**Student:** 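Below is a structure I'd like to ask you about.
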Amino acid sequence: MYFGGRNCWCCGINMFLILCGNVYCDVVDAGCKGLYAIVKMEAWKFLWLSLTLYLVLNVAIAAGPPTCPADVASDCAPDSGEWKGEFFPGIPKIKYEGPKTKNHLAFKWYNADEEILGKKMKDWMRFSVAFWHTFRGTGGDPFGAATKMWPWEDGTNSVAMAKRRMRANFEFLDKLGVEFWCFHDRDIAPDGKTIEESNANLDEVVALAKELQGSKIHPLWGTAQLFVHPRYMHGAATSPELSVYAYAAAQVKKAIEVTHYLGGENYVFWGGREGYQSLLNTDMERELNHLARFMEGAVAYKKKIGFNGTFLIEPKPQEPTKHQYDWDAATAANFLRKYGLIDEFKLNIECNHATLSGHSCHHELETARINGLLGNIDANTGDPQTGWDTDQFLMDIQEATLVMLSVIKNGGLAPGGFNFDAKLRRESTDVEDLFIAHIAGMDTLARGLRNAAKLLEDGSLEELVRKRYSSFDSELGAQIEVMSFLSKLMVYVLFSIFGACRL
C-alpha cells in the first residue's frame with residue numbers, strides 16, 4: 001500500500017483498516033511507526049483493540065444523521081414518508097457574497113440585514129416561497145404532460161408523501177434564508193372523499209408543518225384551492241349550484257382556521273373560476289351578490305375566531321374563464337366599495353396578471369396604492385410573446401425598480417410581502433435549479449430596491465413630476481384641489497351616516 005507519499009509495510013492489515021473506518025498512515029514516519037507498534041502487540045491485545053474500535057465505530061455510525069438523499073429509490077428512504085435526512089444534499093446555506101461573486105449559489109445584491117432607507121432589506125422584501133410551484137410543479141403546460149419528478153416523490157398523493165414534501169419545503173426555506181411560505185390547502189394535503197376526510201388529511205400535515213416551523217418561520221398567507229376539483233367547473237362562490245357554494249364555504253372556513261393556527265399573516269382569495277364563459281347563460285348581478293355574501297361570511301368568521309391577518313383579493317382578468325369578476329385592481333376596488341367591504345380587504349397584485357389585463361405591473365401597484373389597498377405582491381412576470389399566465393421569475397431590473405418605487409412609497413408591504421408565485425421552466429429538471437431561480441429572483445428585486453432608493457434620494461424624478469403639475473400650485477389650482485378634498489369629505493360623512501345604504 002501507499003500512504004502519504006512513502007511506502008509502508010502496513011499493507012498486511014487491510015482488513016483491520018476497513019474495520020477501523022479506513023484509518024490512514026500519516027505523511028510523517030510517526031504514523032507508520034505507530035501502526036507497526038500496534039501489530040507487534042500480543043495477539044489478545046490486538047484482537048481486543050480491534051473489537052473495541054469496531055464496536056465504537058458502529059455505534060457512531062448508528063447515531064449519526066443519514067447522509068444519503070431522500071430518494072425513493074434509495075435504501076435509506078423508508079416507505080413511511082418520515083425520512084428526515086437531506087433533500088438537497090450538497091446545497092449549502094445561501095449567503096450574500098456581493099456583485100463580484102461567481103458563485104451561482106450566493107446572493108449578489110440581496111443582503112438581508114443591510115439597511116436601505118432606514119429599513120433592513122429583509123423587512124422591505126419579506127420574501128416567501130410558493131409551495132405549489134416549488135414542490136408541486138411538474139413542468140406540465142397546456143400542451144404537454146409533466147417533465148419533472150423530484151427524487152423524493154413516489155408518484156402518489158398520499159398523506160405520507162405530503163409529509164415528505166413538507167420536510168423538503170422547510171429544508172429549502174432554511175437553506176435559502178427565507179422566513180415565509182405560502183400554500184393552498186389541497187397542495188399541502190390530499191383531497192379526501194368527503195370534507196371530513198379532507199380536513200383530517202390537512203390536520204395531519206399541518207401538525208407536522210407547525211412542528212417544523214419553529215418560532216422563526218410562518219406563512220405569509222394561506223388560501224383554499226377552489227379551482228382544480230371538477231365540482232368547481234362553474235366557479236365556487238359564483239357557482240350556480242348551491243351545494244358547491246356551501247362546500248366552498250366549508251373549505252374556506254377550514255383554510256382560514258389552518259392559516260390562523262400556523263401564524264399566517266394574511267389570507268388570499270383568488271377567484272380562479274369566479275367569472276363566466278358566456279353572458280347568455282349567466283346572471284352576472286346575482287353571481288356578484290353571491291360573491292359578496294361569501295366574502296362577508298368570511299370576514300365574520302375571521303373576527304369570530306380572532307384571526308387578525310389581512311384578507312387579500314388577487315385580481316386576474318381571465319384564464320381559465322373568459323372573464324373573471326376581479327379583472328384588475330380598479331375592478332376589485334370597485335367591487336369592494338359597492339358591497340361595503342373596502343375596509344376589510346387589500347389586494348394581492350400579481351405582475352403576470354397585470355400584463356394579462358393590459359396593464360403594467362407598476363400601473364396595478366399604483367392603482368392599489370393610491371386606493372390604500374396595496375397589501376402583497378406575487379413576484380413574477382409573463383412572456384410578452386406568450387399569451388397565457390406563464391408564472392416566470394421576475395428578472396427584469398427596470399421592472400423591478402418600478403415595482404420597488406411603489407413599495408417604498410407605500411411604506412413597505414408588511415404584513416404582506418413578496419411571494420414568488422413563479423415556477424421553473426418546463427425544460428428545467430435539476431433540483432439545484434430551484435435554488436438558482438429563487439436566488440436570481442431575490443437578487444433582481446434587491447437590485448430594484450437599491451435603484452429605487454437612489455432615485456428617491458436623488459430627488460430629480462420627483463422634481464420633474466412636481467414641475468409638471470406646478471400650475472396647480474397657484475391660488476386657483478389650490479382652490480380646485482381643496483374643493484375636491486371637501487367634496488370627498490362630504491361624501492364620506494354622508495356615507496358614514498347612511499352606512500346601511502349601498503353606493
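Keep in mind that the numbers below use all heavy atoms, side chains included, and drop hydrogens, waters and symmetry copies. Everything quoted here is computed from the prediction, not taken from an experiment.
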**Student:** Kindly assign one of parallel, tilted or perpendicular to the pair Phe311 and Phe307, based on the angle between their ring planes and the thresholds 30° and 60°.
**Tutor:** tilted
**Student:** Does either side chain, that of Asn371 or that of Arg337, offer a donor lying less than 3.5 Å from an acceptor on the other one?
**Tutor:** yes
**Student:** Quick one: do Glu241 and Arg231 make a salt bridge, cutoff under 4.0 Å?
**Tutor:** no
**Student:** Could you walk me through whether Glu171 and Lys175 satisfy the salt bridge (Lys or Arg N to Asp or Glu O under 4.0 Å) test, starting with their C-alpha distance in whole Å, then the side-chain angles of each, then the deciding distance to 0.1 Å, before giving a yes or no?
**Tutor:** CA-CA 6 Å; Glu171 182 184 329; Lys175 290 189 172 182; 3.2 Å; yes
**Student:** Are the side chains of Gln277 and His234 in touch, meaning some heavy atoms are under 4.5 Å apart?
**Tutor:** no
**Student:** Between Phe172 and Phe435, what is the ring plane arrangement, given parallel below 30°, perpendicular above 60°, and tilted in between?
**Tutor:** tilted
**Student:** Could you tell me if the side chain of Phe294 sits less than 4.5 Å from the side chain of Val252, heavy atoms only?
**Tutor:** yes
**Student:** Tyr245 side chain to His290 main-chain N or O, any donor-acceptor pair under 3.5 Å?
**Tutor:** yes
**Student:** Given the side-chain rings of Phe393 and His438, with only the six-membered ring counted for Trp, is the space between their centroids under 6.0 Å?
**Tutor:** yes
**Student:** Can you tell whether the side chains of Glu114 and Lys122 come within less than 4.0 Å, N to carboxylate O?
**Tutor:** no
**Student:** Do Lys108 and Glu97 have side-chain heavy atoms sitting under 4.5 Å apart?
**Tutor:** no
**Student:** Taking the six-membered ring for Trp and the single ring otherwise, decide whether the centroids of His184 and Phe227 are under 6.0 Å apart.
**Tutor:** yes
**Student:** Looking just at side-chain N and O atoms, do Tyr301 and Glu296 make a donor-acceptor pair shorter than 3.5 Å?
**Tutor:** no
**Student:** Less than 4.0 Å between a side-chain N and a carboxylate O, is that true for Lys254 and Asp185?
**Tutor:** no
**Student:** Looking only at non-hydrogen atoms, find the nearest pair between Lys467 and Ser470 and report the distance.
**Tutor:** O-OG, 2.9 Å
**Student:** Is the shortest heavy-atom distance from the side chain of Met442 to the side chain of Leu176 under 4.5 Å?
**Tutor:** yes
**Student:** For the pair Asp430 and Lys148, evaluate salt bridge (Lys or Arg N to Asp or Glu O under 4.0 Å) and give the outcome as yes or no after the intermediate values.
**Tutor:** CA-CA 8 Å; Asp430 195 313; Lys148 58 174 68 71; over 6 Å; no
**Student:** Is it true that Ser406 and Glu366 share a donor-acceptor pair across their side chains at a distance under 3.5 Å?
**Tutor:** yes
**Student:** Any side-chain heavy atom of Trp181 sitting closer than 4.5 Å to one from Gln213?
**Tutor:** yes
**Student:** Using a distance-only test with no angle check, is there a side-chain donor-acceptor pair under 3.5 angstrom linking Asn419 and Asn376?
**Tutor:** no
**Student:** Within a strict 4.5 Å, meaning less than it, do heavy atoms of the Val403 and His362 side chains meet?
**Tutor:** no
**Student:** Side chains of Thr331 and Asp328: do they bring a donor and an acceptor to under 3.5 Å?
**Tutor:** yes
**Student:** Is the closest side-chain donor-acceptor distance between Thr101 and Asn103 under 3.5 Å?
**Tutor:** no
**Student:** Run the numbers on Phe345 and Leu373 for side-chain contact (heavy atoms from CB on, under 4.5 Å), then give the verdict.
**Tutor:** CA-CA 7 Å; Phe345 286 81; Leu373 296 174; 5.9 Å; no
**Student:** Does one side chain, of Asp421 or Trp132, offer a donor that lies under 3.5 Å from an acceptor on the other?
**Tutor:** yes
**Student:** To check you understand the geometry: which heavy-atom pair defines the closest contact between Cys182 and Leu220, and what is its length?
**Tutor:** SG-CB, 3.8 Å
**Student:** Answer yes when Glu257 and Lys253 have at least one side-chain N-carboxylate O distance shorter than 4.0 Å, and no when they do not.
**Tutor:** yes
**Student:** Are Arg167 and Leu208 side-chain neighbours, meaning at least one heavy-atom pair lies under 4.5 Å?
**Tutor:** yes
**Student:** Give the C-alpha distance, both sets of side-chain angles, the deciding distance and a yes or no for salt bridge (Lys or Arg N to Asp or Glu O under 4.0 Å) between Arg164 and Glu153.
**Tutor:** CA-CA 8 Å; Arg164 191 190 298 251; Glu153 293 286 334; over 6 Å; no
**Student:** Could you tell me whether Lys409 and Glu462 have a side-chain N and a carboxylate O separated by less than 4.0 Å?
**Tutor:** no
**Student:** Could you tell me if the side chain of Leu374 sits less than 4.5 Å from the side chain of Lys346, heavy atoms only?
**Tutor:** no
**Student:** Any side-chain donor paired with an acceptor under 3.5 Å for Glu265 and His218?
**Tutor:** yes
**Student:** Testing Asn352, Asp391, Thr390 for side chain to side chain donor-acceptor pair (under 3.5 Å) with Asn380, which one passes?
**Tutor:** Asp391
**Student:** Do Tyr96 and Asp113 have side-chain N/O donor and acceptor atoms under 3.5 Å apart?
**Tutor:** no
